[in-house]
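All ligand and atom numbering here is 1-based and tracks the order in the structure.
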Amino acid sequence: MLITRKVVEGVLERGEVVPFFQPLRELRSGRLLGFELLARWQHPELGSILPHSFIETIERSGLLAELTRQVLSKALRASADLPDPLRLAVNISPSQLKDPGLCCLIADTAAEMNFSVRRLSIEITETALVDDFESARKNLGSVKELGCRLLLDDFGTGYSNLRHLQKLGFNGLKIDRSFVSDVLHSRDSRKIVAAIVGLGQSLNLTTIAEGIECEEQASLMLYLGCDVGQGWHYGRPTPAAKIGEVVHAPQPKLSAKWSVAGNDQHLASLEASPTQRVAHLQAIYDGAPVGLCLLSRDLRYLNLNQHFAEINKTSASDMIGQTVESVFPRWFPLYEPYLKRALAGEALSGLEVTRPGLVPGDVDQTILISYSPARDEAGEVIGISMALVDITLRKQDETALRSSEERFRTLIDRNPQTPWIFDRDGNVLDVGVQWERLTGYTRETTLASGYLETIYAADRERVVSYVRDAIAHKTDMDIEWRVVLKSGETCWVRSRGSAVFDEAGEVYRYYGSTEDIDELVRLRRYKAQFERTRTVSLGVAQLQARLS
Ligand code: C2E
Ligand code: MG
Ligand code: MG
């Protein structure tokens, strides 16, 4: 269909151009913030016709002001019941910024419809600023004075001077749909979006992502720091009659997941914007009791905390921007294999590395190191996060403890008695090496209840009930019994032990020792026999004396 001036005049006369409403939602929460008004020509036969087919002709015909008036007044009439915080955004073409009547048009239409101008946003494209900056500045200044918000539409496709953004008092940037549509596939688009968001944040502007068509794009745009989303994912442009449904629809939930080049990524927190994440990270850096640093792919120090500088005995200013190799040539060969693995995507934690002193003559340092690949939103490794803990002192303590344990064990092993430990159920937890020397049974066969097998059958019940009673009454142990040696012979032993109690006063362990008293028992027997013989012979002697 050929759209001529005559055609558009007729369209506007009959009021066939109407506003459609497309929702804008806060990305983080899904909360509805308002609608953008998009002109639709409702053709009696052809149905809804999109603006690109008729706007240019209307513009050339000098009828844009009339189009804006009709779209705006119909939209405001339909929005009479729209809850107050919800805003409406109206599109203004670049040429309209030269029209001195623009401000009055907006103010009068809003007043006529009894709609607060403070709830209106004006969207203009970057081209408007390039064409005739002076007129644009004047007109936009008046519109701002009215109380409208200013949004820069399709940002990233034009050539606007960044200083204009500040000078003209914009409130928000709408990131062009072309970047959003391939944000999941194009690294360049992601970097452009991140740069626009960074620009917006530093100028304190709201960033709005246009053309979000799926949840993954929404999650990624949120991750990149965008505030607001608009697009088919949140709703197609709808006629006025349907805006009530949108207002009352449940808020869409964000699962905060996306996949780039087959890598699944997740948002750790829906609350944090990149700026907040950076602030959070810095707080962790400053407060962490470990040394932390971030290395670039070419192994330069990008960021580090005070602990890291202290552990490395080197000031932060001597490290930042420098390569690991140039700052620590003595240590680099130790780190290099791990750094290469981390760059290849492997996370390595808890590596104990003993490194020589920073300069010859310094003592060795033992360091616990973790390397994690740092990834961007596409899962690409963009650097290495390194964590260090200096465990030199702990290592020295451990070595001292180990050698004192070894000394202690030597002393114990040289003791002729067999040390042992019982638990509160009468199980052997440990037994000295002397046991094997004495009986021929290994430690393993004796542990737990294994020792019961070594008790001479006639003594077993007595020993078992003695041990049970001692534990029950929390008394010391002192018992003699016979052990059946591996050789088959029996041998008298004496076991003595004392209880150690836990905090509740219950028996926790018995510590004691067992000694070989076979010789002693034999002597005792011999003595007893001797005594008996002596008594008998004394008796015989006395009897003899009495009889003689
Ligand atoms: P715009 O202001 O950038 O509007 C966004 C355009 O993106 C709209 O196209 C909208 O329908 C489309 N869109 C929104 N979400 C998605 C999505 O998820 N996927 C895709 N593929 N497209 C999406 P529309 O309605 O055809 O409008 C085109 C342009 O016409 C607008 O671009 C705006 O510059 C202009 N326009 C619309 N209404 C008016 C108006 O009343 N006055 C003036 N001067 N210009 C208008
Ligand atoms: Mg727009
Ligand atoms: Mg746009």
*Do Ser189 and Asp182 have side-chain atoms, one donor and one acceptor, less than 3.5 Å apart?*
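Short answer, yes.
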
*Say whether Asp227 and Thr207, considering side chains only, have a donor N or O and an acceptor N or O under 3.5 Å apart.*
yes

*Quick check: does Asp154 put an N/O/S atom under 2.8 Å from the Mg ion (ligand 2)?*
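It does not: Asp154 brings no N, O or S atom closer than 2.8 Å to the Mg ion (ligand 2).
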
*Any N, O or S atom of Thr125 closer than 2.8 Å to the Mg ion (ligand 2)*: no

*Please find out if the Mg ion (ligand 3) and some N, O or S atom of Glu210 are separated by less than 2.8 Å.*
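Given the 2.8 Å cut-off, Glu210 counts as a ligand of the Mg ion (ligand 3).
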
*Between Lys174 and ligand 1, which part of the residue brings a heavy atom under 4.0 Å of the ligand: side chain, backbone, both or neither?*
neither

*Answer yes if a protein heavy atom lies under 4.0 Å from atom 41 (O) of ligand 1, otherwise answer no.*
yes

_Quiz question for you: does at least one protein heavy atom lie closer than 4.0 Å to atom 32 (O) of ligand 1?_
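Flag for atom 32 (O) of ligand 1 set to false, no protein heavy atom closer than 4.0 Å.
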
What residue and atom, counting heavy atoms only, is the protein's closest point to [atom], and at what distance?
| atom | result |
| --- | --- |
| atom 10 (C) of ligand 1 | Leu38 CD1, 3.7 Å |
| atom 1 (P) of ligand 1 | Asp153 OD2, 3.7 Å |
| atom 15 (N) of ligand 1 | Gln22 NE2, 2.9 Å |
| atom 44 (N) of ligand 1 | Ser93 OG, 2.8 Å |
| atom 6 (C) of ligand 1 | Arg177 NH1, 3.7 Å |
| atom 23 (C) of ligand 1 | Trp232 NE1, 3.6 Å |
| atom 28 (C) of ligand 1 | Pro51 CG, 4.0 Å |
| atom 43 (C) of ligand 1 | Asn91 O, 3.5 Å |

N/O of [X] under 3.5 Å from N/O of ligand 1, yes or no?
| X | result |
| --- | --- |
| Gln230 | no |
| Ala39 | yes |
| His233 | no |

_Passing option when Val183 is tested against Ile212, Ile192, Leu220 for side chain to side chain contact (heavy atoms under 4.5 Å, CB included)_ =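 It is Leu220; the other options fail the test.
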
*NZ or CZ of Arg25 within 45° of Tyr234 ring axis and under 6.0 Å*: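 Judged by the rule (NZ or CZ under 6.0 Å from the ring centre, within 45° of its axis), Arg25 is not positioned above Tyr234.
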
Among the N, O or S atoms that [X] has, which is closest to the Mg ion (ligand 2)?
| X | answer |
| --- | --- |
| Glu36 | OE2 |
| Glu123 | OE1 |
| Asp153 | OD2 |

*Does ligand 1 have any atom sitting under 4.0 Å from a heavy atom of Thr125?*
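Under 4.0 Å: no for Thr125.
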
